[in-house]
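Numbers here are sequence positions counted from 1.
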Amino acid sequence: MSETLSGVIERVTFHNLDNGYCVLKVQAKGHRELVAVVGHLSAALAGEFIEATGEWVSDRAHGQQFQAAELRTTPPHTTAGIAKYLGSGLVKGIGPKYAQKIVDVFGDKTLDVIEQSPAFLKQVKGLGPKRIELIRNSWKQNQAVHKIMAFLQSFGIGTARAVRIYKTYGENAVEQVRSNPYRLSTDIWGVGFRTADELALKLGIPRDSPRRAEAAVRYVLQEASSKGHVGLPQDLVREQTAALTDITSEIVQKAIDDLRVQDELVLEVVKQDESDLLYLKPLHLAECGVARGMLALRTGVHPLPQMDVAKALAWVEQKMGIEFAEAQREAVRQAITQKVLVLTGGPGTGKTTIVRAILEIFRAKSQRVALCAPTGRAAKRLTESTGQEAKTIHRLLEFDAAIGTFRRSRENPLDLDLLVVDETSMADLTLTNQLLRAVPAWACVVFVGDRDQLPSVGAGRVLADFIDSGTMAVVRLTEVHRQAGASFIVRAAHAVNRGAEPESAPSGQGDFFIIEADDPATVLERIVTMVKERIPARFHLDPFRDVQVLSPMNKSELGVLNLNTVLQAALNPQQDRNQEVQRFGVTLRRGDKVIQTQNNYQREVFNGDIGRITDVDAVDQSLSVDYDGRNVDYDFGDLDELQLAYCTSIHKSQGSEYPAVIIPVHTQHFVMLQRNLLYTGITRGRKLVVLVGSKKALWIAVNKADQARRYSLLHWRLQQGTGNG
């Protein structure tokens, strides 16, 4: 039988912003003790007055609860309720202390003052102009965000992205979303086509609408790019779009044609083999730009004057005190005679030694040299190994957040004669294009990377296409040098690359170990014990800074998400509720190890950067992360950019190196088990690598070569010697 209940929210025990589900502790009328109320709300704050319709149920774990079929909240009217309401994190700049001070001055008129006459807040002792402005802006944003949340939830859509929607569209957000809900999937980080489509259909947009078909085509191509494809065959786009939407192929083809007319898509037909690719315009421009940039480099004038190559080789060997192997000599020879060189090879083959030799020769000839890598960690490693400063590609190109673009470009090229690009395997097509646009035609470029590692997370297979095109000098180093050959990590990596099972080092010595465990719970337990106790005790490594768990995939018991939850509980358990925040399904605490999950040019942090949370400010609703000595602040509404990083995916680890690496290898990861994935994971470890799991899973990974194709025409464009579409 349905009942009604009303009262004041004393505490929000749990609130999932994705679906609105909440558990509230309520001081209800007619009840001495706090009542647990369970239901759905777009927003819930301590101090609000609540009216609920539902029934009492007895929960086996939590006891008696009021399960609400309908929930409504209104702002509080009593001074005590208003103080609790303002102090609960509703408004940036107001915590419990300032909330009470404001209520002491304005009483039950407090909310009216904040909304209509915030300038009066200067009457409150301790509130300066900056904090008053913060409160005014936050209150204004909250009203708009609550409007968006209520709008979305009225159509059954999760409200976790409401802050981002407001920041993108401003006060007219609801009107803009209502007029074209599909724009959410392209404009708002974390909102996919399915969410936007669900909203659009509920708003009455017909299932066979041209607008729906166009949005689905964009989505199919965007999803493809997230899996590494630069474009897709037109037939495949048509098939996938039709399957996604149940729209006829004829309507889908009309949508494709219209998007081409609108210059959003480009169709490239290669007559030789009748293949064709459909591109999103930016990726087509990037692919043509890379081909054009490589052509300009290859045909430019070499900056080095004619020299005696034999003498140069003898000189640099003597200076470095090294006698090069023949392949290494060939690499140096090509670097000082060719405009472009690709230097590839596995761990221990001497790539860094060759880079140092090339730098010595160019500097001896008074040439300007620069070094870069796709990530901060890779750039730092390159600096340490060469003794010369290396920058991230973004820093080298001088990204300017104020203008939203790179200062270095074709019109303002880099001042250099030699550029060394390390970890090229992880550079995607778009970033490579930006780099090549800024390299002057007279410069030499040495691309360094490991062909056998995973390709870039972003679209393209740039390093592989450079090598496969046959249009530039390529030297592949295969000989493992004596010192590196003593490492069991290096031996294991090369064994995996050959399709052979790696061997564990003898007990008590070496740097590579395989710990067998078939049961996922046992694997989990052993990983936690190693991170928390065994590795710190035996190898004197810090579990936060030095030890990195890498998993082949995100989901499953041994996936990234669950491993992070378990490792967070073991290494950084809850101590102070005021120093943690729950957002987007993740709890983040002061001291947590976190990873940035998308490029943010304004904050100058990029996909894959790892840091530690130094502060959580519930009053100003911000969180600070230390990235290698640089503090970066995040609003709570932007925390979907962060994930826990006690464990990361092997894909995310590209370009990074850690003192110790632990990798679960289990048949749970069957879909992702493949040779280049395991090889990439093993080569991330510098001092210690431990595989924990089953022999069967290891056998599968070693024997399964990556057969996945990435659709791209870069190698063809390079062979044609043109960057034209």
Please identify each residue that fulfils side chain to side chain donor-acceptor pair (under 3.5 Å) with Glu423, with sequence neighbours left out. Arg381
For Ala459, is there any backbone N or O sitting under 3.5 Å from a side-chain donor or acceptor partner on Asp428? no
Is it the case that the side chain of Ser225 and the backbone of Val230 share a donor-acceptor pair, with hydrogens and angles ignored and the cut-off at 3.5 Å? no
Please assess Tyr646 against Val531 for the test side-chain contact (heavy atoms from CB on, under 4.5 Å), listing each intermediate value before the final yes or no. CA-CA 9 Å; Tyr646 300 100; Val531 174; over 6 Å; no
Tightest non-hydrogen contact, residues Ala216 and Thr241, listed as CB-CG2, 3.6 Å
I'd like to check Leu184 versus Thr195 (side-chain heavy atoms, cut-off strictly below 4.5 Å). Are they in contact? no
So, do Thr349 and Thr478 sit near enough that their side-chain heavy atoms are less than 4.5 Å apart? no
Mind listing the closest non-hydrogen atom pair of Asp511 and Ala505 along with its distance? N-CB, 4.2 Å
On a heavy-atom basis, the closest approach of Leu563 and Pro664 is CD1-CG, 4.0 Å
Quiz question: by atom type and distance under 3.5 Å, do the side chains of Tyr219 and Arg194 form a donor-acceptor pair? yes
List the atom pairs, donor and acceptor, that lie under 3.5 Å between side-chain atoms in residues 449-458 and the rest of the protein, sequence neighbours left out.
residue : atom : partner : partner atom : Å
Asp450  : OD1  : Asp452  : N            : 3.0
Asp450  : OD1  : Tyr679  : OH           : 3.4
Asp450  : OD2  : Tyr679  : OH           : 2.5
Arg451  : NH1  : Asp468  : OD1          : 3.0
Arg451  : NH2  : Asp468  : OD1          : 3.4
Arg451  : NH2  : Asp468  : OD2          : 3.3
Asp452  : OD1  : Arg476  : NH2          : 3.2
Asp452  : OD2  : Arg476  : NH2          : 2.4
Asp452  : OD2  : Asn497  : ND2          : 2.7
Ser456  : OG   : Gly458  : O            : 2.9
Ser456  : OG   : Gly460  : O            : 3.3

Summary of salt bridge (charged side-chain N to carboxylate O under 4.0 Å, His left out) pairs that have at least one residue in residues 677-687, sequence neighbours excluded: Glu657-Arg686
Residues, nucleotides or ligands: over 12 heavy atoms within 6.0 Å of Gln574 CD: yes
Looking at CG of Leu561 and OG1 of Thr565, how far apart are the two atoms once the value is rounded to the nearest 0.5 Å? 7.0 Å
Donor-acceptor contact below 3.5 Å, side chain Lys391 vs main chain Ala379: no
Under a 4.5 Å cut-off applied to non-hydrogen side-chain atoms, are Phe14 and Tyr21 in contact? yes
OG1-CG distance between Thr667 and Leu698, expressed to the nearest 0.5 angstrom: 12.0 Å
Do His715 side-chain atoms and Ala464 backbone N/O form a donor-acceptor pair below 3.5 Å? no
Below 4.5 Å, heavy atoms only, C-beta onward: do Leu232 and Leu278 meet side chain to side chain? no
Taking it one step at a time, do Glu501 and Lys695 satisfy side-chain contact (heavy atoms from CB on, under 4.5 Å)? CA-CA 9 Å; Glu501 288 191 40; Lys695 278 282 190 181; 4.0 Å; yes
Hey, could you give me the CG/OG distance between Asp519 and Ser694, rounded to the nearest 0.5 Å? 11.0 Å
Who pairs with Ser712 by side chain to side chain donor-acceptor pair (under 3.5 Å), at least two apart in sequence or on another chain? Glu287
List the steps, then state whether side-chain contact (heavy atoms from CB on, under 4.5 Å) holds for Leu221 with Leu265. CA-CA 10 Å; Leu221 286 168; Leu265 303 184; 3.6 Å; yes
Do the charged groups of Arg238 and Asp235 touch, with an N to O distance under 4.0 Å? yes
For Phe544, does the six-membered ring have the charged nitrogen or CZ of Arg612 within the cation-pi criterion, i.e. under 6.0 angstrom from the centroid and within 45° of the normal? yes
Are the side chain of Arg589 and the backbone of Glu580 linked by a donor-acceptor contact shorter than 3.5 Å? no
Side chains of Lys351 and Val355 in contact at under 4.5 Å (non-hydrogen atoms): no
All heavy atoms of Gly591 vs all of Asn572, minimum pair found to be C-ND2, 3.5 Å
Least distance between heavy atoms, Ala335 atom then Leu341 atom: CB-CD2, 3.8 Å
Any donor-acceptor N/O pair, Asn564 side chain to Leu644 backbone, under 3.5 Å: yes
Straight-line distance of Ile650 CD1 to Ser656 OG, nearest 0.5 Å: 13.0 Å
For the residue pair Leu431 and Phe606, establish whether any side-chain heavy-atom pair is separated by less than 4.5 Å. no
Donor-acceptor pair, Asp592 side chain versus Ile613 backbone, under 3.5 Å? no
Just verifying a value: how many Å separate Asp609 CG and Lys652 NZ, rounded to the nearest 0.5 Å? 10.0 Å
Derivation of the side-chain contact (heavy atoms from CB on, under 4.5 Å) call for Tyr627 and Gln596: CA-CA 10 Å; Tyr627 292 101; Gln596 175 77 15; 3.7 Å; yes
All side-chain contact (heavy atoms from CB on, under 4.5 Å) counterparts of Asn433, not counting sequence neighbours: Ala286, Val290, Arg437
Going by the ring pair (Phe, Tyr, Trp, His ring centres under 6.0 Å) test, which pairs reach into residues 449-478, not counting sequence neighbours? Phe447-Phe466
Of the non-hydrogen atoms in Pro543 and Leu571, which two are nearest, and what is the gap between them? CB-CD2, 4.1 Å
If we ignore angles and hydrogens, is there a donor and acceptor under 3.5 Å between the side chains of Asn562 and Lys555? no
Okay, side chain of His666, backbone of Gly693: is any donor-acceptor separation there less than 3.5 Å? no
Whether Thr587 side chain and Gln582 backbone form a donor-acceptor pair below 3.5 Å: no
Is the shortest side-chain heavy-atom distance between Phe539 and Pro659 below 4.5 Å? no
Could you tell me if Asn600 and Glu641 have a donor-acceptor pair between their side chains, going purely by distance under 3.5 Å? yes
Distance-only side-chain donor-acceptor flag, Asn676 / Gln674, under 3.5 Å: yes
Is the shortest side-chain heavy-atom distance between Ile610 and Gln548 below 4.5 Å? yes
Please round to the nearest 0.5 Å and tell me the distance separating atom CD of Gln334 and atom CE of Met472. 12.5 Å
Thr375 (side chain) donor-acceptor with Ala378 (main chain) under 3.5 angstrom: yes
